[in-house]
Amino acid sequence: MSAAALDAIVAHARSEAPRECCGLLLGTGRHVERTFPARNELASPTRYQIQPEDHFAAIREARDSGVAVIGAYHSHPRSAASPSATDLEGASYPEFVYLIVGFPPGTDPEIRAFSLASGNFVALELVRLT
């Protein structure tokens, strides 16, 4: 994943705190080239739902630039970047990359990526490219 994309996700999460931020990941395969920040329709500190208009806009942008929507991201403004039961309930695309940026109290932000396999999240190695 590009360093710029990771930095953009952390910046988006900080700007939305104390609400969860959300957005989509654009790229090919599991290589994230850039992010598409979205509005959290729920405006909640513990849940998110990407605004449908933003989702469609991300699909159009991806198609126009020759990539695809390959995943989604959101934040945990006051906790670790570990999937919650709510996150698992909302996940339904095994081919997606699910990325969480967490802000555990007293630490730097942590970013973790997951895929969905047999109904559970599996951690992915997150490689920061320059």
Joint hydrophobic cluster, Ile50 plus Ile100, side-chain heavy atoms closer than 4.5 Å = yes
Where Glu33 and Ser2 come nearest, the two heavy atoms and their spacing = O-OG, 3.6 Å
query = In terms of ring plane angle, is the pair His74 and Tyr48 parallel, tilted or perpendicular, where the classes change at 30° and 60°?
reply = parallel
message = Please find the pair of heavy atoms, one from Pro77 and one from Arg19, that lie closest to each other, and give the distance.
response = CG-O, 3.6 Å
message = Closer than 3.5 angstrom, by distance alone: can the side chain of Ser75 be matched with the main-chain N or O of Cys21 as a donor-acceptor pair?
response = yes
ask   = Got a donor-acceptor contact below 3.5 angstrom from the Asn40 side chain to the Cys22 backbone?
value = no
message = Could you see if Ile9 belongs to whatever hydrophobic cluster contains Val67? Use Ile, Leu, Val, Met, Phe, Trp, Tyr and a side-chain cutoff under 4.5 Å.
response = no
request  = Could you tell me whether the side chain of Leu26 reaches within less than 4.5 Å of the side chain of Ile70, counting heavy atoms only?
outcome  = no
Main-chain N/O of Pro37 paired to Thr35 side chain as donor or acceptor, under 3.5 Å = no
ask   = Yes or no on side-chain contact (heavy atoms from CB on, under 4.5 Å) for Leu129 and His31, after CA distance, side-chain angles and deciding distance?
value = CA-CA 10 Å; Leu129 303 173; His31 178 252; 3.5 Å; yes
query = Quick one: CG on Asp54 to CG on Leu24, what's the gap to the nearest 0.5 Å?
reply = 8.5 Å
query = Does one hydrophobic cluster hold both Phe121 and Tyr73, with members joined at side-chain heavy-atom distances below 4.5 Å?
reply = no
inquiry  = Let me check something: do Leu124 and Val127 share a hydrophobic cluster, defined by ILVMFWY side-chain heavy atoms less than 4.5 Å apart, either directly or through other members?
reply    = no
query = If only atom types and distance count, is the side chain of Asp87 paired as donor or acceptor with the main-chain N or O of Ser84 below 3.5 Å?
reply = yes
task = Please assess Glu61 against Arg34 for the test salt bridge (charged side-chain N to carboxylate O under 4.0 Å, His left out), listing each intermediate value before the final yes or no.
result = CA-CA 11 Å; Glu61 181 177 312; Arg34 64 182 178 279; 3.3 Å; yes
Ala113 versus Val97, closest heavy-atom pair with distance = CB-CG1, 4.2 Å
request  = List the atom of Phe96, the atom of Ala72, and the distance in Å for their closest heavy-atom pair.
outcome  = CD2-N, 3.9 Å
task = Measure across Gly102 and Ala81 and return the closest heavy-atom pair with its distance rounded to 0.1 Å.
result = N-CB, 3.6 Å
task = Flag yes if Ile111 and Leu116 sit in one hydrophobic cluster, no otherwise; membership is Ile, Leu, Val, Met, Phe, Trp, Tyr, and two members link when side-chain heavy atoms are under 4.5 Å apart.
result = no
Flag if over 12 foreign heavy atoms under 6.0 Å of CZ, Arg78 = no
inquiry  = For Arg47 versus Leu42, what's the shortest heavy-atom pair and its separation?
reply    = CB-CD1, 3.8 Å
ask   = Any sub-3.5 Å donor-acceptor pair from Tyr98's side-chain atoms to Tyr93's backbone N or O?
value = yes
